[in-house]
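Below you'll find the structure, written out as structure tokens, and then a few comments.
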Amino acid sequence: MYTQALNNAPETGERQVEDAARMESFQARIDAEERIEPNDWMPAAYRKTLTRQISQHAHSEIVGMLPEGNWITRAPSLRRKAALLAKVQDECGHGLYLYAAAETLGTSREELVDQLLTGKAKYSSIFNYPTLTWADMGAIGWLVDGAAIMNQIPLCRCSYGPYSRAMIRVCKEESFHQRQGYENMVTLSKGNEAQKEMAQDALNRWWWPCLMMFGPPDAASQHSDQSTRWKIKRFSNDELRQKFVDATVPQAQYLGLTLPDPDLKFNEETGHWEYGVIDWEEFKQVIAGNGPCNRDRLAARNKAHAEGAWVREAALAFAEKRRARKAAA
Ligand code: FAQ
């Protein structure tokens with residue numbers, strides 16, 4: 001054992017020097033705004049945190065279909081139904097691009113999906129809230145997609161190539177989603193008293209959970225510092241949250257709706273809207289699996305996965321047959 005330790009010592013030392021040099025040139029590439037591609041060398045922790053973030057993002061898009069999917073059959077007109085259907089299908093597409101981007105880091109889609117289905121993986125807290133009325137379709141498009149865009153536009157410049165490229169298309173589609181949601185809110189808030197009340201009630205329920213979408217406050221964000229150094233994140237959680245509030249308050253004013261925050265006030269000096277205290281205990285509970293719909297969401301995804309088994313089997317059988325035919329030719 002002593003001999004082995006002696007033999008390994010110089011090797012380990014050399015490896016450490018080599019790794020430090022690689023780390024340095026990796027950081028230099030990041031600092032020079034180069035994109036990192038799947039076959040490039042990267043630190044294990046960079047691979048790990050990106051796999052974590054991209055797969056959580058993919059799961060969010062997939063689980064995110066459920067709250068709105070709930071209303072497709074109850075849309076009030078053919079036009080609204082077509083728009084909602086297209087939006088929900090887009091979210092599915094986003095999930096698929098994102099799983100593909102995560103797979104380039106070396107974890108298979110089966111493994112990633114399994115982490116979601118077994119409850120090991122996180123997905124955005126926002127999708128654990130129920131959609132109680134049609135106005136929720138407006139509020140989700142306006143606020144949830146609005147928050148998603150605010151967070152995702154900077155990700156188009158993320159240092160990891162496959163993620164940044166996926167985000168470009170995702171953001172274009174999210175913009176359509178946000179517009180259709182806002183237009184829905186305009187219609188309701190300019191409608192009759194009952195419609196206006198429905199719009200206000202949806203805003204009341206979605207506002208605070210939307211602010212939580214940006215993640216914990218900067219002081220409590222465990223990944224932010226490193227992700228910022230690696231240019232995965234370009235803005236902190238609190239910076240993006242503030243940008244979202246500043247952009248959204250005038251939109252609520254245009255609708256004639258009231259944001260459910262008595263502490264909301266414009267600070268003339270900073271030029272920003274100050275908002276009240278976020279209930280971080282609620283956030284913690286939701287991401288720990290105790291939100292209003294966590295169990296329903298996971299049950300729905302597990303059911304869909306089980307019901308899709310025949311599709312996976314058929315696709316595998318087809319691929320196998322094609323491989324055999326090619327081998328025989
Ligand atoms: N929910 O250290 P940080 C959409 C977790 S897509 C649940 O600050 P980070 C489209 C975080 O993962 C919405 N968990 O983490 C759509 C970490 O846990 P971990 C999804 C959250 O990564 C619209 C821990 O807390 N978007 O809406 C949340 O630096 C309509 C510590 O947090 C993305 O995923 C949360 N809200 O920053 C679809 C965007 N926040 O992993 C359908 C990409 C934080 O250590 C319908 N992701 N956590 O166990 C990101 O930008 C970042 O990952 C953040 C979090 C900003 C979400």
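Order of listing sets the numbers, starting from 1, for every ligand and every atom in it.
The shortest side-chain heavy-atom distance between Tyr99 and Val113 falls under the 4.5 Å cut-off. By the 4.5 Å heavy-atom criterion applied to side chains, Tyr160 and Thr104 are counted as neighbours.
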What are the polar N/O contacts of ligand 1 with the protein below 3.5 Å, with distances?
from     : atom 1 : to     : atom 2 : distance (Å)
ligand 1 : 1 (N)  : Ser125 : N      : 2.8
ligand 1 : 1 (N)  : Ser125 : OG     : 3.4
ligand 1 : 2 (O)  : Ser221 : OG     : 3.2
ligand 1 : 2 (O)  : Gln222 : N      : 3.0
ligand 1 : 2 (O)  : His223 : N      : 2.9
ligand 1 : 8 (O)  : Ser221 : OG     : 2.7
ligand 1 : 8 (O)  : Asn237 : ND2    : 2.9
ligand 1 : 12 (O) : Gln56  : OE1    : 2.7
ligand 1 : 12 (O) : Gln56  : NE2    : 3.4
ligand 1 : 18 (O) : Lys122 : NZ     : 3.3
ligand 1 : 22 (O) : Arg52  : NH1    : 3.1
ligand 1 : 22 (O) : Arg52  : NH2    : 3.1
ligand 1 : 29 (O) : Lys233 : NZ     : 2.6
ligand 1 : 36 (N) : Ser125 : OG     : 3.1
ligand 1 : 36 (N) : Met212 : O      : 3.4
ligand 1 : 36 (N) : Met213 : O      : 3.3
ligand 1 : 37 (O) : Lys233 : NZ     : 3.0
ligand 1 : 41 (O) : Arg52  : NH1    : 3.0
ligand 1 : 41 (O) : Gln56  : NE2    : 2.7
ligand 1 : 45 (O) : Gln222 : NE2    : 3.4
ligand 1 : 45 (O) : His223 : NE2    : 2.6
ligand 1 : 49 (O) : Lys122 : NZ     : 2.4
ligand 1 : 51 (O) : Asn151 : ND2    : 3.0

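A donor-acceptor contact shorter than 3.5 Å links the side chain of Arg312 to the backbone of His305. A donor-acceptor pair is defined here as one N or O able to donate and one able to accept, closer than 3.5 Å; no such pair exists between the side chain of Ser227 and the backbone of Ser224. Here the side chain of Arg22 pairs no donor or acceptor atom with the backbone of Trp41 at under 3.5 angstrom.
For Ala220, the side chain to side chain contact (heavy atoms under 4.5 Å, CB included) partners at least two apart in sequence or on another chain are Pro216, Pro217.
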